[in-house]
Asks: 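Dropping the structure in here first, questions after.
Every value quoted in this text rests on a predicted model; they were computed, and no experiment measured them.
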Amino acid sequence: MDPAHLPDSILIVDFGSQVTQLIARRVREAGVYSEIAPFTLAEEAFERLRPKGIILSGSPAGVPEEGSPRAPQALFDSGLPILGICYGQQVMTHQLGGEVRPGHETGPDDLSRGGEFGRAFLTVAEDCKLFDGLWQVGERHQVWMSHGDKVTRFAPGFRIVATSDGAPFAVIADEERHYYGTQFHPEVVHTPDGGRLLANFVRHVCGCAGDWTMAEFRKTKIEEIRAQVGDRRVLCGLSGGVDSAVAAVLIHEAIGDQLTCVFVDHGLMRMGEAEQVVSLFRNSYNIPLVHVDAEELFLGGLAGVTDPEAKRKFIGKTFIDVFEAEARKIGGADFLAQGTLYPDVIESVSFTGGPSVTIKSHHNVGGLPERMNMALVEPLRELFKDEVRELGRELGLPEAFVGRHPFPGPGLAIRIPGEVTRERCDILRKADALYLEEIRAAGLYDAIWQAFAVLLPVRTVGVMGDSRTYDNVCALRAVTSTDGMTADVYPFDPHFLANVATRIVNEVKGINRVVYDYTSKPPGTIEWE
């Protein structure tokens, strides 16, 4: 996002924590725009963003380890408020003259017993600006800890304002420089007051107005799109999901008929989905739409492919190839628009020099082949999923469309572990439709973040009537989440699952067994591939 349009912002420096994204969510929930930058690029991001405050994230690394990440000195020289969380507290302590030791080491003046993991309780020892209107001296509050190293001596200028049994330096503060450090993680739900604590930092300490809204984002993005595109043409890829639809409507509002939407029907959609997309854009919106039937191309290329990364990469490459052909047919275009979201970018990037790892590649992240003389327009790149839904409502999209569960760009290909065939797609489509039909009938659809069926590459023996069957296993998945970065399993009533399983086995030829996936994220991902 263009920093000239940002009223206030917070820079979050990522040292590799798997929950850094939650910090950004909590800050945005406080009405303040935030961006995450890996520590290796933090100084560059700082110059571009011009934030009003800085948050240092956690990390799987240890400060005493040789070569472990450090924050750029320029951040400390900026004079801005800084909040260090877990590793962020420790690295700030180390870089400002304090001491951090591995959890197993002890010393004569060591007050800390070492690592601390899971639920803990801190006691407020002194007042500080971070606690204003939230915590009082003497109170005990639940927090969530996850640290092996320990601060054994805080840096000059700091004082201890809260302690826990395992971390006497649970919260430290240097009010003169507006530096704060929490050994616990305020961003996770297991710290009940964590969101309010972060809101205190960004609004009370940093002085952010807290007025970042989707209405403001809409206005800003329209200006940015017009400035980027000028009088040139844009192709927008419709995948059938909420993200690309919202991106298309936003871009159309900005540049009108300079936009042409291309819906690539790769034969990997949910039941009836292709027809719904075409109807929405041709009948509800006067947006030029090209419908490309590319089922043969995609299924042919996926024949014999079983590796999930190979599937994603083939689909991404073929998607671009189809766009290239369509661009030529309509006389060329200067830009390709995509519904890339912030979690797509975060999960697809291994931060250079840091301990983060790539979880999986995303089909719409990573740029375009050099032979395509097209630049990317990605107006949703800074948003989380729930923010995209909010923007869709702001733009007037139908609630039935905006509220749809997320659907991956590679479609059913990554819900069919193993080889993808037309027959297996048809079987999965029917099972998935029955599952969602039952969820809607039970009034549970809006309570679930994402629900879908998976067709496993496993066949089992069954009995139907007096006959032996040897058919496929179908797995059901349903999770609750806020932004897709973490997810909990939806606790269906066993009778509901039994009813769904009965319907699928009885009504979908080719399936004789149904199982339910109880894995949260982490350790699993929401999609199976």
Side-chain angles (χ1 to χ4, degrees), residues 10 12-27 29-30 34 53 55-60 62-63 81-93 98 100-101 103 111-152 154 158-175 179-205 482 485-486 488 520 522:
I10 296 292
I12 300 166
V13 180
D14 185 19
F15 295 110
S17 170
Q18 293 295 330
V19 293
T20 300
Q21 300 81 14
L22 296 181
I23 304 174
R25 288 296 302 117
R26 301 297 172 257
V27 172
E29 287 167 4
S34 61
I55 297 177
L56 308 178
S57 84
S59 174
V63 170
I82 298 177
L83 171 64
I85 294 174
C86 194
Y87 181 93
Q89 183 211 52
Q90 295 174 1
V91 78
M92 178 169 62
T93 295
V100 179
R101 290 182 182 173
L111 300 176
S112 176
R113 70 184 185 193
E116 197 172 14
F117 301 91
R119 185 174 66 171
F121 291 88
L122 62 74
T123 300
V124 179
E126 296 185 23
D127 288 322
C128 79
K129 203 169 183 178
L130 200 62
F131 300 158
D132 282 357
L134 181 62
W135 291 347
Q136 304 295 321
V137 173
E139 292 180 347
R140 280 172 58 83
H141 296 278
Q142 180 182 317
V143 297
W144 191 74
M145 297 279 192
S146 182
H147 65 98
D149 295 339
K150 54 191 178 183
V151 173
T152 53
F154 53 76
F158 283 87
R159 59 191 175 94
I160 298 173
V161 294
T163 65
S164 73
D165 290 341
F169 304 101
V171 184
I172 57 176
D174 180 338
E175 302 264 46
Y179 289 172
Y180 300 88
T182 68
Q183 187 58 76
F184 63 91
H185 287 266
E187 69 271 29
V188 300
V189 296
H190 310 292
T191 300
D193 293 329
R196 294 171 63 193
L197 194 78
L198 286 169
N200 258 7
F201 175 72
V202 300
R203 299 183 67 172
H204 192 39
V205 176
T482 299
M485 300 310 301
T486 60
D488 290 320
S520 62

Asks: Rounded at 0.5 Å granularity, tell me how far CD in E29 sits from CG in L22.
Replies: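 Answer rounded to 0.5 Å: 9.0 Å.
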Asks: Measure the spacing between CZ of R25 and OG1 of T20 and express it to the nearest 0.5 Å.
Replies: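 That separation rounds to 14.5 Å.
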Asks: Where is the tightest heavy-atom contact between Q136 and V124, given as atom of each residue plus distance?
Replies: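 Closest pair (atom of Q136, atom of V124, distance): O-CB, 3.3 Å.
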Asks: Let me confirm one number: the CG-CD1 distance from L198 to I23, rounded to the nearest 0.5 Å.
Replies: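 One gets 7.0 Å once the value is rounded to the nearest 0.5 Å.
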Asks: I'd like to know whether F169 forms a side chain to side chain contact (heavy atoms under 4.5 Å, CB included) with T93, so could you lay out the CA-CA distance, the side-chain angles of the two residues, the decisive distance to 0.1 Å, and finally the verdict.
Replies: CA-CA 11 Å; F169 304 101; T93 295; over 6 Å; no
Asks: Please examine the side chains of S164 and M145, heavy atoms only from C-beta on, and report whether any two atoms are closer than 4.5 Å.
Replies: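 The answer is yes; the side chains approach within 4.5 Å.
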Asks: Please give me the minimum heavy-atom distance between V205 and Y180, naming the atom from each residue.
Replies: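 Of all heavy-atom pairs spanning V205 and Y180, the closest is CG1-CE1, 3.8 Å.
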Asks: Could you report the tightest heavy-atom contact between P60 and S17, atom names first, then the distance?
Replies: CD-N, 4.0 Å
Asks: Nearest 0.5 Å, what's the CD1-CD distance between I12 and Q21?
Replies: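 The distance works out to 9.5 Å.
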Asks: For the residue pair V188 and T486, establish whether any side-chain heavy-atom pair is separated by less than 4.5 Å.
Replies: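 Heavy-atom side-chain distance check fails, nothing below 4.5 Å.
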Asks: Give every residue pair that meets the salt bridge (Lys or Arg N to Asp or Glu O under 4.0 Å) criterion with at least one member in residues 127-136, sequence neighbours excluded.
Replies: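 For residues 127-136: none.
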Asks: Under the 3.5 angstrom rule, does the side chain of Q142 hit a backbone N or O of H190 as a donor-acceptor pair?
Replies: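 Side chain of Q142 to backbone of H190, a donor-acceptor pair under 3.5 Å: yes, one is there.
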Asks: For the residue pair C128 and R159, what are the closest heavy atoms and their distance?
Replies: CB-NH2, 4.0 Å
Asks: Rounded to the nearest 0.5 Å, how far does OG1 of T163 lie from CD1 of I172?
Replies: 13.0 Å
Asks: Yes or no on side chain to side chain contact (heavy atoms under 4.5 Å, CB included) for V171 and F184, after CA distance, side-chain angles and deciding distance?
Replies: CA-CA 8 Å; V171 184; F184 63 91; 3.5 Å; yes
Asks: With rounding to the nearest 0.5 angstrom, report the CD to CH2 distance, E187 to W144.
Replies: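 These two atoms lie 8.0 Å from each other.
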Asks: Does T191 reach the main-chain N or O of D193 with its side chain, forming a donor-acceptor pair under 3.5 Å?
Replies: no
Asks: Can you classify the ring geometry of F15 versus Y87 as parallel (below 30°), tilted (30 to 60°) or perpendicular (above 60°)?
Replies: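 Ring orientation of F15 relative to Y87: tilted.
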Asks: Is there a donor-acceptor pair under 3.5 Å between the side chain of T182 and the backbone N or O of I85?
Replies: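 No, the answer is negative, given that no donor and acceptor are paired below the 3.5 Å cut-off.
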Asks: Is S57 reaching over with its side chain to a backbone N or O of V13, donor-acceptor style, under 3.5 angstrom?
Replies: yes
Asks: When the ring planes of W135 and H141 are compared, do they come out parallel, tilted or perpendicular, using 30° and 60° as the limits?
Replies: parallel
Asks: Grab the two heavy atoms, one from V63 and one from V91, that are nearest each other, plus how far apart they are.
Replies: CG2-N, 3.7 Å
Asks: What is the minimum heavy-atom distance between L83 and G181, and which atoms define it?
Replies: CD1-N, 4.4 Å
